[in-house]
Amino acid sequence: YTGDPPDLDPYLNVTFRAQEFAGFFYSRLLYFDSGPNVKPNEFVPVPDLAESYTISQDGMTYTFKLRANAKWQKAAPMNGRAVTADDVVYSFNRFRKDSPNKTQLDIVKECKAEGANTVIFTLTEAFAPFETLMASPLFWIIPKEVVEADGDLRKKTIGSGPWIFDKFEKGVQIVAKRNPDY
């Protein structure tokens, strides 16, 4: 038992417990492959919210194509709308503004949307572990509408991840149900 997450906003609280909790409800562009065919200590980044991605020849530009069927969970104010490249850019900007871990992404010179489903990260220099950084439980795609309404993600948990948040009773339980749209 590791205890309760002290906070439900994964950008304001960067403890292991808060990040582990976020993994159930929020998506990342990439995550580490898992399952019976993955060897111990083998950390291979694979697409999560991204459907695919490419790396420029010079290693300084990463272009992520988002899954066309990616949706926010069906709860107000998100109501199952599509996850867009603008959501990723918003999440990046909030991470860089609010997260105590913001220096982890100092290697990023620019994050921009190109259309609804393409996000481009331009780095300040080639950085081989960038894929690993994107797959780490660090940079979650979060809902702008919830942050703007509540000021943070402490009151409401709505993501595009594999589980839909139901309730959190400190010291007792976290209740979730499977996200049918994941």
Side-chain angles (χ1 to χ4, degrees), residues 4-32 46-53 62-102 104-105 108 110-121 133-170 174-182:
D4 292 328
D7 194 304
L8 301 181
D9 189 324
Y11 282 4
L12 298 181
N13 190 296
V14 295
T15 65
F16 160 78
R17 289 173 288 187
Q19 299 307 305
E20 180 182 48
F21 179 85
F24 291 106
F25 308 107
Y26 299 108
S27 296
R28 294 174 276 191
L29 290 173
L30 306 174
Y31 71 100
F32 293 116
V46 294
D48 181 16
L49 184 60
E51 178 177 83
S52 63
Y53 63 100
Y62 288 73
T63 303
F64 294 90
K65 301 284 184 187
L66 304 184
R67 287 187 287 116
N69 65 346
K71 297 178 186 175
W72 291 103
Q73 295 159 358
K74 293 178 183 169
M78 306 315 293
N79 300 315
R81 79 159 171 82
V83 178
T84 67
D86 287 335
D87 293 317
V88 176
V89 172
Y90 172 79
S91 298
F92 174 78
N93 290 333
R94 180 164 184 259
F95 179 87
R96 292 282 297 267
K97 178 180 165 274
D98 293 338
S99 177
N101 280 336
K102 61 186 163 191
Q104 294 286 325
L105 293 178
V108 178
E110 179 183 38
C111 173
K112 68 178 182 179
E114 186 174 278
N117 292 322
T118 303
V119 182
I120 301 169
F121 286 83
L133 192 59
M134 289 289 99
S136 297
L138 175 75
F139 176 58
W140 307 99
I141 310 310
I142 59 167
K144 175 182 180 179
E145 291 91 327
V146 173
V147 174
E148 288 183 346
D150 295 340
D152 55 39
L153 298 172
R154 291 177 167 147
K155 296 176 195 155
K156 197 177 289 185
T157 302
I158 302 172
S160 58
W163 298 95
I164 297 173
F165 178 81
D166 184 27
K167 66 181 173 179
F168 171 48
E169 297 175 53
K170 277 192 168 251
I174 296 171
V175 179
K177 60 183 177 184
R178 186 180 152 302
N179 181 357
D181 294 321
Y182 183 75

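What you see below is based on every heavy atom in this structure, not just the backbone, and it leaves out hydrogens, waters and symmetry mates.
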Taking [X] for the side chain and [Y] for the main chain, is one N or O donor matched with an acceptor at less than 3.5 Å?
{"X": "D48", "Y": "R28", "answer": "yes"}
{"X": "Q73", "Y": "W163", "answer": "yes"}
{"X": "S91", "Y": "I142", "answer": "yes"}
{"X": "Q19", "Y": "N13", "answer": "yes"}

Are [X] and [Y] packed together at the side-chain level, in the sense that at least one heavy-atom pair is separated by less than 4.5 angstrom?
{"X": "C111", "Y": "N93", "result": "no"}
{"X": "R96", "Y": "V108", "result": "yes"}
{"X": "F165", "Y": "I158", "result": "no"}
{"X": "K177", "Y": "D166", "result": "no"}
{"X": "L8", "Y": "L153", "result": "no"}
{"X": "F24", "Y": "T157", "result": "no"}

Partner residues of P162 under the side-chain contact (heavy atoms from CB on, under 4.5 Å) criterion, sequence neighbours left out: Y182

For K167, side-chain contact (heavy atoms from CB on, under 4.5 Å) partners two or more places apart: E169, Q173, V175

Measure the spacing between [atom1] of [X] and [atom2] of [Y] and express it to the nearest 0.5 Å.
{"X": "T118", "Y": "E51", "atom1": "OG1", "atom2": "CD", "answer": "10.0 Å"}
{"X": "K71", "Y": "S160", "atom1": "NZ", "atom2": "OG", "answer": "12.0 Å"}
{"X": "L29", "Y": "Y53", "atom1": "CG", "atom2": "OH", "answer": "10.5 Å"}
{"X": "M134", "Y": "L49", "atom1": "CE", "atom2": "CG", "answer": "12.0 Å"}
{"X": "I164", "Y": "F25", "atom1": "CD1", "atom2": "CZ", "answer": "9.5 Å"}
{"X": "K65", "Y": "I120", "atom1": "NZ", "atom2": "CD1", "answer": "7.5 Å"}

Identify the heavy atoms of [X] and [Y] that sit nearest to each other, and give their distance.
{"X": "D86", "Y": "A113", "value": "OD1-CB, 3.4 Å"}
{"X": "I141", "Y": "W72", "value": "O-CH2, 3.7 Å"}
{"X": "G115", "Y": "A85", "value": "O-CB, 3.6 Å"}

Ring geometry between Y26 and W140 (parallel below 30°, tilted from 30 to 60°, perpendicular above 60°): tilted

Reference residue D152; test side-chain contact (heavy atoms from CB on, under 4.5 Å); the match among V146, L12, V147: L12

Partner of Y11 under ring-ring contact (aromatic ring centres under 6.0 Å, His included), chosen from F92, F95, Y90: F95

With D9, the side-chain hydrogen bond (donor to acceptor under 3.5 Å, both in side chains) member among K155, K156, R154, R94: R94

Partner residues of Y62 under the ring-ring contact (aromatic ring centres under 6.0 Å, His included) criterion, sequence neighbours left out: F130

